[in-house]
Every structure is written in C-alpha cells, then in structure tokens.
Amino acid sequence: MSFSFFSLFRNGPRTLSSITDGDLVGTDNYTGKDVTPATALTLSAVWACVRIISESIASLPCGVFTKDESDNKLTAKDSNLYGLIHNQPNADMTAFDFWQAIIATILLWGNAYVLKTVRDNGKIIALEPLYSSRMQVKRNEDGSCSYIYTDPKKNKQITYNEDQIVTFKGLSLDGRQGLSVIRYAMNSMGNALALEETSGRLYSNGMRPAGALTLPNILKGDQRKQIRKSIAEQISGVARSGGTIVLEGGMTYQQLSMPPQDAQMLESKSFSVEEICRWFGVPPSLIGHTQKTTTWGTGLEQINLAFLTYTLRPHLTRLEQEIKRSLLTAKDKAMGLYAEFNVEGFLRADSAGRAALYSSASQNGWMSRAEIRQKENLPHIEGSETLTVQSALVPLDQLGMQKDAKKLEDTDKV
C-alpha cells in the first residue's frame, strides 16, 4: 500500500507530531552523539545561523495594511492586530522578542505554537508563545485539530482547540506540520559535535598523540594498571606537555605519530560550518566564515540580497500568510486587511547608492520627493508630492519646439 502524508489525518484521532518523540531527536546518527536543539546550539555555526535569521526577521517591522480604491497602500493602525504584531504582543514581550522567539523555534523544532487570548467580543488581546517541546497535535474524527500542551507552570496537560492556537511552520511535506532541521541534520550536527569533542580532548592533552610503552617481561593485571596510571600522570594534560618521562625496569616509550591527513581538523571544521550553513540556508560569510568569499563592496551587497531572497523571504511569506489565515477575522479579510513585513532596510545600499537611486527616481517621475523623504525618515515638506521629470533630453524631431512655443506665448501676452 502506497504511503501518503494525508493518510496521517484519516481513521480517527492520532498524534501528528511531538518533538519529545524519540524519532525526532536523540542519538540516531552515525557518531552516536546526542543531537537535540540544546546540544546543537552549542555549535557556534548553529547558534550563528539561528541568531542571524531570527534577529534579521525580528528587526523588520510587521504591520497591518489595506488598499484604497486607487490601489494605494494604507497603514491600518486602527486595527487591533496592528498593535499586537507591530508593537507588543503580550505583557512580557516586545514585537522583536516575540518574532525572534517564533523564528528560532521554527528553525530548531519545525513548528512554533502561539496561544491567542480572546475576549468575548472576539477581539484578540494577547499572543503567547508556547513551548514546542511540550506540544502534541492530534487530528480528530471531524477533521479538526486538538493541541495537547503540557504546561510547565501547572505541570498538567491542557487541551486547546484549533481556534485558540496559531501554528507557524517551517519547511513542510504535508502543509500542516513543519520539519525540524535538527532532526534531519542529525548526522551533520553529530559529526560537528564529535569533531568538537575530539579536538577538545586532543588540546587538553597538549596536542600529544597516543604512545606505546614496551616492557621486557609480561606483566600481571595489577602491574599493568599501576604502570599505566604512573605514565599517564606524567604525560597527560596541557600542564605536563613537554615534560620528562621517568621510565624504569627496561621500559621504552614510543610516541605514535598522527597521520597529517587525520590531523587536519581545521579543514574538517571548515567543512562542518559550510554543511550547517547549507542546512539553514545562510551564506557562510554572514556568520563569519569568509573563506572563498568576498565581503567587500558589491560582493557583500549581493550576498545580503541573496540572503533576503532565498532565506528570509520564504520565512516572511509563511508568517504573513499564517497571520492572515489565523489572526485576521472574516470582517478584516472582507475589508482587504493583510499583514506585511517591511524589508526596505535590507534593500538599502550605501549612501552613494541611495543618492543615485533617489536622483534617478525624482528625475524620471516614478517617485516624488515626498516619498523619498519618507523613506529617509525626514520631515514632510509642503509641495514635495509633485512628480517631476528631467526635460534636458528632448527627441530630435522636437528640437526647438519648446523654444518656439515659448516665443509664441510671449507674443500673445504682448
């Protein structure tokens, strides 16, 4: 029988996902290392990727908008939702804190769950993030979802219906539940954790490889333990690196060499960073890994544009569409309200680049000086709304026509 992801939602209630399940996190990787969101964050590349994506999105203002009859974009500040997603979603968080936590949770667990606090009149007054590690989602026989949450404060399970919970998802195969990067990158991150442990142990031993001790006679079990302990106390540890070993009874010590290809940990670490960046879709140069990449001039500008286009934009689109689906009422949708993140900050070039862009815009009539001043957070000037066009360039067949028209106008006045 062929497998279908949609078969997960048939045949009565069943659990869809839970990060606490053993098949989502654990030691099921080639190295046997314990790979969880907590252990993965001990890797600098994972921490940096999660940080730069979550903080970049959180720094973008998110507002509620509508359009007038002329299709002009208007800010819907009167909407109750505007204050929640743009300023303060709950009593304890700013908008930045809220969106940063949501994106970080999506990157690590695949899904972020938010509890809506709603008044009797249907008005949403707060949005509270929940721990994804404590959430189980079930599909009921009638097609609705139940969210079973283990509250860490009350230490008991609470069941929410789908009208109370908003699910922000990451990459998904069924459109209902996101996939955990940590789960699917378990081998890559397990290798990185094992490499960190190996290099740490090697450095703690003063970069001294293993050695062999040869004796002329066969030893008993207790003698082996005693000699092994005595030699280990003389050579192990950074503080004893380079010290002198005292050998007795015809002992000889031979240091085992480390093959150069096995000692190239820097290359291995570099590859590990690139692997982790590939999982999160982050250009390595943005987290400080600048090998084989230029971060000067237009190179950095193009990297930022690619990061916005291929990494941030999909996350932003998912957030915007989920806000519209789950947080806007039917009345809001009928009024044409929608949520949108402002990415203008990412599209800005340096001062010279912006000056050239604005000069072209004002001289070719596709942006007024009022719009330019608004983008630069400058105060409005009366009369700056007029679109202007640079008229120095005139078609050849119209040369002199403006001058003749001016003379005719002056003659009529006389």
Side-chain angles (χ1 to χ4, degrees), residues 44-65 67 73 75 82 85-86 94-108 110-112 168-172 178-179 181 185 273-325 338-361 366-367 371-372 374-377:
S44 61
V46 175
W47 177 282
C49 287
V50 172
R51 180 193 61 78
I52 195 170
I53 296 176
S54 61
E55 291 185 351
S56 296
I57 292 177
S59 65
L60 301 176
C62 182
V64 179
F65 304 92
K67 293 185 178 181
K73 182 178 178 181
T75 303
Y82 183 92
I85 65 176
H86 184 273
T94 64
F96 182 95
D97 297 331
F98 177 81
W99 291 117
Q100 188 273 330
I102 292 299
I103 295 299
T105 303
I106 292 174
L107 294 173
L108 295 173
N111 300 278
F168 293 105
K169 299 176 287 291
L171 178 66
S172 176
L179 304 177
V181 174
V273 171
E274 294 174 2
E275 274 284 280
I276 291 174
C277 286
R278 190 175 295 116
W279 279 103
F280 287 101
V282 176
S285 61
L286 293 184
I287 65 168
H289 188 77
T290 57
Q291 294 183 7
K292 307 175 185 178
T293 306
T294 177
T295 55
W296 288 90
T298 57
L300 179 59
E301 181 181 342
Q302 293 304 314
I303 290 173
N304 288 337
L305 183 59
F307 179 58
L308 170 63
T309 304
Y310 301 112
T311 301
L312 299 187
R313 187 70 261 178
H315 285 293
L316 295 174
T317 301
R318 290 192 192 100
L319 295 178
E320 292 167 353
Q321 294 185 359
E322 188 61 34
I323 290 173
K324 183 176 182 179
R325 188 187 76 88
Y338 64 95
E340 184 177 88
F341 284 84
N342 184 3
V343 298
E344 183 65 29
F346 275 97
L347 299 177
R348 286 189 175 186
D350 56 1
S351 299
R354 294 205 311 276
L357 173 67
Y358 293 151
S359 177
S360 173
W366 55 273
M367 184 181 291
E371 293 172 317
I372 294 174
Q374 183 180 18
K375 288 183 176 296
E376 291 296 310
N377 294 319

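Bear in mind the structure is a predicted one, so any value in this text is a computation, not a measurement.
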### Message
Could you go through Leu312 and Val343, starting from their C-alpha distance and side-chain angles, then the distance that decides it, and tell me whether this counts as side-chain contact (heavy atoms from CB on, under 4.5 Å)?
### Response
CA-CA 10 Å; Leu312 299 187; Val343 298; over 6 Å; no
### Task
Step by step, work out the side-chain contact (heavy atoms from CB on, under 4.5 Å) result for Leu107 and His315.
CA-CA 10 Å; Leu107 294 173; His315 285 293; 3.9 Å; yes
### Message
Quick one, Ile103 with Phe168, criterion side-chain contact (heavy atoms from CB on, under 4.5 Å). Give me CA distance, side-chain angles, the key distance, then yes/no.
### Response
CA-CA 9 Å; Ile103 295 299; Phe168 293 105; over 6 Å; no
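Rounding to the nearest 0.5 Å places SG of Cys49 at 11.0 Å from CG of Leu108. One finds the CD1 atom of Ile106 at 11.5 Å from the CG atom of Leu171 (value rounded to the nearest 0.5 Å). Between atom OG1 of residue Thr317 and atom CD of residue Glu322 there is a gap of 13.0 Å, rounded to the nearest 0.5 Å. Atoms CG and CG, on Asn111 and Leu179 in that order, are 8.5 Å from each other to the nearest 0.5 Å. We find the CZ-CD1 distance between Phe98 and Ile85 to be 9.5 Å, quoted to the nearest 0.5 Å. For the atom pair Trp279 CH2 and Glu274 CD, the distance stands at 15.5 Å (nearest 0.5 Å).
Partners of Glu340 under the side-chain hydrogen bond (donor to acceptor under 3.5 Å, both in side chains) rule, at least two apart in sequence or in another chain, are Lys73.
A distance-only check finds a donor-acceptor pair linking the side chain of Thr311 to the backbone of Gly281 [under 3.5 Å]. Remark: the backbone N or O of Pro61 is not paired with any side-chain donor or acceptor of Trp99 at under 3.5 angstrom. Checked by atom type and distance alone, the side chain of Ser59 pairs as donor or acceptor with a backbone atom of Ser56 at under 3.5 Å. Distance alone, capped at 3.5 Å, places no donor-acceptor pair between the Ser359 side chain and the Ala355 backbone.
The shortest distance between side-chain heavy atoms of Tyr358 and Met367 falls below 4.5 Å. Side-chain contact between Ile287 and Val273 is present, with heavy atoms from C-beta onward closer than 4.5 Å. Between Leu319 and Cys62, every side-chain heavy-atom pair lies at or beyond the 4.5 Å cut-off. For the pair Tyr82 and Thr75, the minimum side-chain heavy-atom distance is below 4.5 Å. With contacts defined as side-chain heavy-atom distances shorter than 4.5 Å, the pair Tyr338/Glu320 does not qualify. Leu286 places a side-chain heavy atom less than 4.5 Å from the side chain of Asn304.
The shortest non-hydrogen separation linking Pro283 to Phe307 is CD-CD1, 3.7 Å. Taking all atoms of both residues into account, the shortest heavy-atom contact from Ala104 to Ser54 is N-CB, 3.9 Å. Residues Thr309 and Pro314 approach most closely at O-CD, 3.7 Å, considering heavy atoms.
Under the salt bridge (Lys or Arg N to Asp or Glu O under 4.0 Å) criterion, no residue pair touches residues 94-108, with sequence neighbours excluded.
Heavy atoms from other residues, nucleotides or ligands lying under 6.0 Å from NZ of Lys324 number 12 at most. Around the CH2 atom of Trp366, the shell of radius 6.0 Å holds more than 12 heavy atoms that belong to other residues, nucleotides or ligands.
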